[in-house]
Visitor: 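Here it is, the structure in full.
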Amino acid sequence: MTLGQDGLLSLHPLPPLASCLLLLLLLLPCHSSSVAGAASPSIRLGVIRKPSPAVPVFREAPAFRNADACDRANRIHVAMTLDSNYLRGTMAAVLSILQHSMCPENFEFHFLWARFEPEVFSSIRSTFPYLRFKVYRFDSSRVRGKISKSIRQALDQPLNYARIYLADMIPIDVKRVIYLDSDLVMVDDIAKLWGVSLDGKVLAAPEYCHANFTKYFTDLFWADPVMSKTFQGRKPCYFNTGVMVVDVDKWRQGRYTEKVEAWMGVQKQKRIYHLGSLPPFLLVLGGNIKAVDHRWNQHGLGGDNLEGKCRALHPGPISLLHWSGKGKPWLRLDSRRPCSVDHLWAPYDLYPSSMHAIEE
């Protein structure tokens, strides 16, 4: 299924149930959004289907325009996962990126979703009418049997592993992409992050070498005479996979998806780590990425993975605020028990019923 530049929705043959679901979806014709897939005979659609009560209804975001100095040919590609449970966070993240960009019309967003949710698609379309974006289906069966139970249920969801397969889903002509989690806001122009030199590395992200790297793996891992030599010749440091600049071509050529999957397979046989999709990234790439300034991921604002207690900001300049951890700002604000840092997220919240909480 593809929504093209001419506003036509192309459909390919679907099973009966999927066809019925698709016919329920009415999308506003636009010049910038599409659902990735195959093309065949076209039909024209005309109105937005009102989201169901399960999906929040958001205020329409302002239209952001390029400065005169912007070159429209310079595309910036941003990838995020798309889940109704985190949609409020996604909307805030997108708004913050556009609001702080000098060239907001240069963005192309690539959303990865695990299941067909027409209400989510139409919510994005109605909230950001001018946004250029594509949506790709992540086949959850790719990680079926590969996910091991972690310390927090949210980390075990298949969509949390979609970033591993990003290079397989986005178009081949996309050479570089910034991957972002949904629980963050940008407070600087993301073009600065886009422009960093990877110096031949496959990935760039802030590194945190003061963190105790050994704690990300179990005693069984470190006691194993072979696995304990994994980082030999490297100086591995922790990095957070919620903010990454990825050279997609190098990722494909280096077969990094297979390398990460291999460690997931080891984890199924032996308990070598506790945290979701992060440790296999560290095993493959720890000590072999391009480090960027810490300002691009002020992470941990959601507290730890068990209790989600409040945390203060780290000292230093900030370009991106990231509520990694159990606590999410929209949930804490709605509960009327926010942490002080949650008020930094609130101005980007497009959920109308939250206005009273912001004003208070």
Side-chain angles (χ1 to χ4, degrees), residues 1-6 10 30-39 64 66 70-83 90 93-94 97-98 101-114 121 124-125 128 130-139 142 159-182 184 186 189-205 241-261 277 281 284-285 289-290 292 296 320:
M1 175 176 67
T2 304
L3 186 61
Q5 295 291 331
D6 57 359
S10 298
C30 65
H31 297 284
S32 59
S33 62
S34 70
V35 178
F64 298 97
N66 279 1
C70 295
D71 182 354
R72 290 177 180 270
N74 293 332
R75 287 273 177 264
I76 296 179
H77 297 274
V78 178
M80 305 177 72
T81 56
L82 201 57
D83 186 326
T90 303
V94 172
I97 293 168
L98 298 175
S101 173
M102 187 173 75
C103 306
E105 294 178 272
N106 286 12
F107 287 104
E108 184 165 333
F109 283 82
H110 304 267
F111 294 116
L112 318 177
W113 62 8
F121 188 97
I124 296 174
R125 181 70 266 142
F128 299 102
Y130 305 100
L131 191 68
R132 180 181 291 104
F133 71 92
K134 295 178 181 177
V135 182
Y136 310 84
R137 180 178 176 269
F138 170 60
D139 184 359
R142 296 196 66 172
L159 198 57
N160 193 45
Y161 290 79
R163 69 197 78 190
I164 298 170
Y165 303 92
L166 178 61
D168 298 337
M169 290 184 281
I170 61 176
I172 196 73
D173 62 335
V174 176
K175 306 300 183 183
R176 173 182 287 210
V177 68
I178 298 177
Y179 177 86
L180 298 175
D181 277 349
S182 295
L184 54 78
M186 188 73 59
D189 193 335
I190 198 174
K192 300 174 186 176
L193 179 61
W194 175 260
V196 301
S197 172
L198 271 65
D199 293 339
K201 304 295 185 182
V202 69
L203 187 153
T241 56
V243 180
M244 302 184 291
V245 184
V246 183
D247 184 322
V248 186
D249 273 349
K250 283 188 180 297
W251 183 279
R252 295 185 184 114
Q253 293 164 10
R255 303 179 69 88
Y256 282 94
T257 295
E258 289 88 342
K259 292 175 181 178
V260 174
E261 282 185 324
S277 62
F281 265 91
V284 174
L285 289 162
I289 70 169
K290 169 65 176 180
V292 299
W296 291 108
L320 183 150

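Predicted, not measured: the structure shown is a model, and the values here were computed from it.
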Visitor: Nearest 0.5 Å please: distance from the CH2 atom of Trp251 over to the CG atom of Leu166.
Guide: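 Taking CH2 in Trp251 and CG in Leu166, the distance rounds to 8.5 Å.
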Visitor: Mind checking whether Leu180 and Val243 have side chains closer than 4.5 Å, heavy atoms only?
Guide: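 Yes, at least one pair of side-chain atoms sits under 4.5 Å.
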Visitor: Would Arg252 and Asp249 pass as an ion pair if we require N to O under 4.0 Å?
Guide: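 Salt bridge: yes.
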Visitor: Kindly indicate, with the supporting measurements, whether the criterion side chain to side chain contact (heavy atoms under 4.5 Å, CB included) is fulfilled by Tyr161 and Arg142.
Guide: CA-CA 10 Å; Tyr161 290 79; Arg142 296 196 66 172; over 6 Å; no
Visitor: State whether the side chain of Arg132 and the backbone N or O of Asn106 hold a donor-acceptor pair below 3.5 Å, judged by distance alone.
Guide: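 Here the side-chain-to-backbone pair does not exist.
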Visitor: Please find the pair of heavy atoms, one from Lys134 and one from Pro171, that lie closest to each other, and give the distance.
Guide: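 Closest heavy-atom pair between Lys134 and Pro171: NZ-CG, 4.2 Å.
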Visitor: Check Leu184, Leu193, Ile190, Ile97 against Leu320 for a side chain to side chain contact (heavy atoms under 4.5 Å, CB included) and give me the one that passes.
Guide: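 Output: one option passes, namely Leu184.
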Visitor: Does a side-chain heavy-atom distance below 4.5 Å link Leu112 with Met169?
Guide: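 Touching, per the 4.5 Å side-chain cut-off.
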Visitor: In the structure I gave you, are the side-chain heavy atoms of Lys250 and Tyr256 within less than 4.5 Å of one another anywhere?
Guide: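 No, their side chains stay 4.5 Å or more apart.
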Visitor: Is a side-chain N or O of Asn66 found less than 3.5 angstrom from the main chain of Glu105, in a donor-acceptor match?
Guide: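 Yes, the answer is positive, given that a donor and an acceptor are paired below the 3.5 Å cut-off.
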Visitor: Can you tell if the side chain of Glu261 reaches within under 4.5 Å of the side chain of Tyr165, non-hydrogen atoms only?
Guide: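 Yes, close enough: below the 4.5 Å cut-off.
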Visitor: On the 0 to 90° scale, with breaks at 30° and 60°, tag the Phe109-Phe107 ring pair as parallel, tilted or perpendicular.
Guide: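 Plane angle between 30° and 60°, so tilted.
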Visitor: Heavy-atom distance under 4.5 Å between the side chains of Met80 and Thr90, does that happen here?
Guide: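 Sidechains of Thr90 and Met80: in contact.
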Visitor: Determine, for Asp247 against Arg176, whether the closest basic-nitrogen to carboxylate-oxygen distance falls under 4.0 angstrom.
Guide: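 So Asp247 does not pair with Arg176 through a salt bridge.
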Visitor: Trp194 versus His77: any side-chain heavy-atom pair under 4.5 Å?
Guide: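 They are in contact (side-chain heavy atoms under 4.5 Å apart), so the answer is yes.
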Visitor: Can you tell if the side chain of Ser182 reaches within under 4.5 Å of the side chain of Thr81, non-hydrogen atoms only?
Guide: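 Yes, at least one pair of side-chain atoms sits under 4.5 Å.
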Visitor: To the nearest 0.5 angstrom, please state how far the CG atom of Leu159 sits from the OG atom of Ser277.
Guide: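 The CG atom of Leu159 sits 10.5 Å away from the OG atom of Ser277.
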Visitor: Walk me through it: do Phe121 and Phe111 pass the test side chain to side chain contact (heavy atoms under 4.5 Å, CB included)?
Guide: CA-CA 10 Å; Phe121 188 97; Phe111 294 116; over 6 Å; no
Visitor: Taking the six-membered ring for Trp, are the ring centroids of Tyr136 and His110 within less than 6.0 Å of each other?
Guide: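 That pair passes the under 6.0 Å test.
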Visitor: Side chain to side chain contact (heavy atoms under 4.5 Å, CB included) for Val245 and Leu198? Distances and angles first, verdict last.
Guide: CA-CA 8 Å; Val245 184; Leu198 271 65; 4.0 Å; yes
Visitor: Would you name the heavy atoms of Val202 and Leu285 that are closest together and state the gap between them?
Guide: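 For Val202 versus Leu285, the nearest heavy atoms are CG1-CD2, 3.4 Å.
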Visitor: Measure the spacing between CZ of Phe138 and CG of Asp168 and express it to the nearest 0.5 Å.
Guide: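 Interatomic distance, Phe138 CZ to Asp168 CG, rounded to 0.5 Å: 10.0 Å.
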Visitor: Does any non-hydrogen side-chain atom of Ile124 lie less than 4.5 Å from one of Leu82?
Guide: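 SC-SC contact between Leu82 and Ile124 confirmed.
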Visitor: Take Ile76 and Val78 through the side chain to side chain contact (heavy atoms under 4.5 Å, CB included) test and state the conclusion after the steps.
Guide: CA-CA 7 Å; Ile76 296 179; Val78 178; 4.3 Å; yes
